[in-house]
Amino acid sequence: MLPAVLLAMQVVSARGTPPVLEFPTPGLDDPAAYEGYTARLYRDSRGNSVEIYIEGKTGRVVHLWADGLNESIGFTVRPVGAVAFGAGTATVWTSGGRRGLRYNLAVQVGRSTAVEVGQLLLGSMRIERDFGYTGRVRDSIDAPTFVVPEMAQFAAKMGRPYTDRLTPSVVLINTASRWTVRASQPSLDGKNHLSLALSGDARRSGATLTGRVATIRPLGGGTQAISLSVEIATDGPPLSPLDRRQIFNDRFRRFADSAKSPRIEREIRGFELLSSKEKLLAALPTYATYFGRDMLLTALLMEPVWSDTMAEFVIGAALAKLAPTGEVSHEEALGGQAIRENVAEFLRTGDRTLLRNLQATRENYWMVDDDFQLPVVAGRYFANAKVPDARKRAFVRRWDTALRKNLAYAWTRAAPYARDPVATNLVSFKRDPDGYCHPGSWRDSRVGYAGGCFPFDVNVVWVPAALRAIGTIDSAFRALGEPGIEAAYDVRRAAQTWQGADRHFTVTLAPAEVEARVRAKLASLPAAERAHWESVLTRSGFPADTLRFPAVSLDSAGQQFPVMSTDPAMWLLLERQDDGREAELLRPFLLPYPVGLFIDGVGLAVANDAYASPNVWQMFERDLYHSPRVVWSREVNTLLVALAQGGRNRPGVIDSVRAAARRSGLEYSELWSYKFEGGALRPVRYGSSSDVQLWTLADIAVQYLLNSPRHPQ
């Protein structure tokens, strides 16, 4: 009896809980645009975020645990379309060091058919992400368990118990009242454990197990929906969530309370789901970990609505992860992903010290833009007169050495162009092992910068802003009685030189050249797409005057890749332009695609490659992530915050952009696309779009700036 009593005493809590959020949300999203994708987000017994999504087109059911290990549990249900969320609330529980969540799925089963559940994958969300990216979900239901090569090679080298930990253990348990398929798997180092239990009423259905595939059959006649209980559990470390009182300032909370807007409430809840004392998560479900750029950019966009302590939190989080050189970490690898990267390093180098802690967090320093974003955010913080000097001094005492290291690194990268302002002295991306310029800024798909080495956004937007920020920090330090910074760098003179960097990127096209290039691009498209865009041109025509826009990047010789992009929105946010320049930068945002970026009923295309070479067209066709076929909420929100914050609502810009995004039915998504059906253009959810994402939620600031009485449009 004693073990049973002790086990019962370990149960701390078990309670029902409704979803915090659901996607698509009736009245806010267009279900048709989601194409069968549904998601529910919960909080577990420790307040950590748990997202469950069903990918209707593949039958994949994935559970993200946004905790200290970024865990996931996934399985596939065949036939496709047989599974949906069931009725009722979820139950969350804690037992000893384990946390769990239980909910119901509804599985549609025919009299003469069965449902198969397989492709079990327990581990890191990053590995689930790769499983999806490689298309393995379309394999047969009994395909071998997806194991990344480096972990398989490591296990083969080390032998048992590592080989046993590569795949889940699956058993079937039958009782008189229920059947249960239970899967469990430890991490490769054996320190943590995930489990999954699928169970059903033995009076209504039966289950058999073949290998790691469960087959479920009805016991009654006709087509019926079987209630399938799903329980997930982990012993991974939890995070410590923040709530809205800690995240948002008093003015915004009063505005949100009075607005009584379902949209604003959903976005506030989304931000709470991403926020913890340890870090801000980049996104749910796919990127539930630290991303430096996402935090830093969000800090800029959310300034009007955030509490001033959030800036300290973001800057400190980035400074805590600096490389010895002063570079900002782009992304942390922890839990299963840390194990994956550490075993790969062990296989490459033979360094056995890595075996002492295979879960030691690893940082990724390949990105370039975040190194300059940190000084900008820090400069805004030190310039904020609402933050008491005593708090600033305390912040400096804690982070002085790390901050100076980052500022020194930013200056080192900017100095060559400051001394000799030629294009090849601009800040360049790093090189991949194959010599390709790694796209180390936010357009970080391989073709996001059209193969360029010198990006517009880093060199025209972030480096000059960082140099100005170093000057601001220097002045603030001196006013606080701290040693200054600027004297060693002469950043003010450098900033003036860098102000002219935009000249290297300016594309100038006469009307005839615009028409020739656009028509050449249209001629390369499938008939249905070509016909649609030609009809747009018939209505809108071509510009009658010179068209100017910044190229997205330059090649290694300093020659332009003339791809039009939304990146000037960030320039408008960080630097006030004169009226003529502002009008020139805004023009592409309102010119209808395929001449400009505006797509009615969809939003702003993140790029327009019509003015580039056929080779660039083909690159974007192979990788759509930052292509003319995609709209990013990041760019929509950046433009709207830039215009609303400064009271610079150019006639029709804000209204037109907001209306186009709203008509897509996907304006809350991280990114979305479109396709052609019957000759008509239809917005659709982009496959890897996050449901809750930091810079997507900057729409909160847009709503506040446009609708708060204190911030009239």
Side-chain angles (χ1 to χ4, degrees), residues 3 7 62-63 65 67-76 95-100 117-132 134 136-137 139-174 180-198 207-214 231-237 333-362:
L7 180 62
V62 176
H63 310 76
W65 223 312
D67 60 3
L69 297 181
N70 189 20
E71 299 174 296
S72 74
I73 298 172
F75 56 84
T76 302
S95 177
R98 299 174 71 240
R99 291 168 285 128
V117 179
Q119 296 185 339
L120 303 178
L121 194 57
L122 288 71
S124 165
M125 187 62 200
R126 284 286 302 271
I127 293 178
E128 175 68 40
R129 195 170 86 190
D130 288 353
F131 177 79
T134 55
R136 289 290 301 276
V137 71
D139 290 353
S140 64
I141 196 70
D142 59 350
T145 300
F146 178 71
V147 179
V148 294
E150 52 269 42
M151 294 177 79
Q153 293 165 18
F154 175 82
K157 180 180 180 69
M158 304 298 290
R160 299 183 68 180
Y162 297 102
T163 50
D164 295 339
R165 298 170 183 161
L166 287 175
T167 55
S169 171
V170 187
V171 297
L172 172 63
I173 304 168
N174 282 304
T180 301
V181 175
R182 186 175 301 277
S184 59
Q185 186 172 354
S187 55
L188 192 63
D189 61 358
K191 290 183 177 180
N192 300 103
H193 305 80
L194 287 168
S195 66
L196 165 71
L198 307 174
T208 57
L209 183 66
T210 304
R212 294 188 179 90
V213 177
E231 183 171 72
I232 58 173
T234 180
D235 59 5
L334 69 169
Q337 181 63 20
I339 293 173
R340 177 183 180 179
E341 294 185 15
N342 280 316
V343 301
E345 182 74 5
F346 168 75
L347 291 170
R348 187 179 68 84
T349 65
D351 182 1
R352 299 190 69 85
T353 63
L354 294 164
L355 304 181
R356 297 173 187 167
N357 183 9
L358 286 176
Q359 287 195 39
T361 302
R362 297 176 65 91

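This structure is a prediction, so every number in the text was calculated from the model and none was measured.
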Report yes if the side chains of [X] and [Y] come closer than 4.5 Å at any heavy-atom pair, otherwise no.
X: Thr145; Y: Pro168; result: yes
X: Ser195; Y: Ile232; result: no
X: Leu334; Y: Gln359; result: no
X: Thr234; Y: His193; result: no
X: Arg212; Y: Ile141; result: no
X: Leu122; Y: Glu71; result: no

query: Does CZ in Arg136 sit with more than 12 non-hydrogen atoms of other residues, nucleotides or ligands closer than 6.0 Å?
result: yes

Spatial distance of atom [atom1] ([X]) from atom [atom2] ([Y]) [nearest 0.5 Å]:
X: Leu355; Y: Asp189; atom1: CG; atom2: CG; result: 11.0 Å
X: Leu120; Y: Thr167; atom1: CG; atom2: OG1; result: 10.0 Å
X: Leu347; Y: Gln153; atom1: CG; atom2: CD; result: 6.0 Å
X: Trp65; Y: Arg99; atom1: CH2; atom2: CZ; result: 6.0 Å
X: Asn70; Y: Ser124; atom1: CG; atom2: OG; result: 5.5 Å
X: Glu341; Y: Thr361; atom1: CD; atom2: OG1; result: 10.0 Å

Does any N or O in the side chain of [X] come within less than 3.5 Å of the main-chain N or O of [Y], such that one atom is a donor and the other an acceptor?
X: Asn192; Y: Ser187; value: no
X: His63; Y: Ile73; value: yes
X: Glu231; Y: Leu196; value: no
X: Gln185; Y: Leu166; value: yes
X: Arg340; Y: Gly335; value: no
X: Gln119; Y: Asp139; value: yes
X: Thr180; Y: Arg182; value: no
X: Asn342; Y: Glu345; value: no

Ignoring hydrogens, what is the shortest heavy-atom contact between [X] and [Y]? Give both atom names and the distance.
X: Arg165; Y: Gly190; value: NH1-N, 3.6 Å
X: Val117; Y: Phe75; value: CG1-CD1, 3.6 Å
X: Ala156; Y: Thr163; value: N-CG2, 4.3 Å
X: Val181; Y: Ala214; value: CG2-CB, 3.9 Å
X: Val343; Y: Glu150; value: CG2-O, 4.0 Å
X: Ile127; Y: Phe146; value: O-CE2, 3.6 Å

- request: Give me the ring orientation class for Phe154 and Phe346: parallel if the planes are under 30° apart, tilted from 30 to 60°, perpendicular past 60°.
  value: perpendicular

- request: Begin from the C-alpha positions of Asp351 and Arg356 and carry the test salt bridge (charged side-chain N to carboxylate O under 4.0 Å, His left out) through to its verdict.
  value: CA-CA 10 Å; Asp351 182 1; Arg356 297 173 187 167; over 6 Å; no

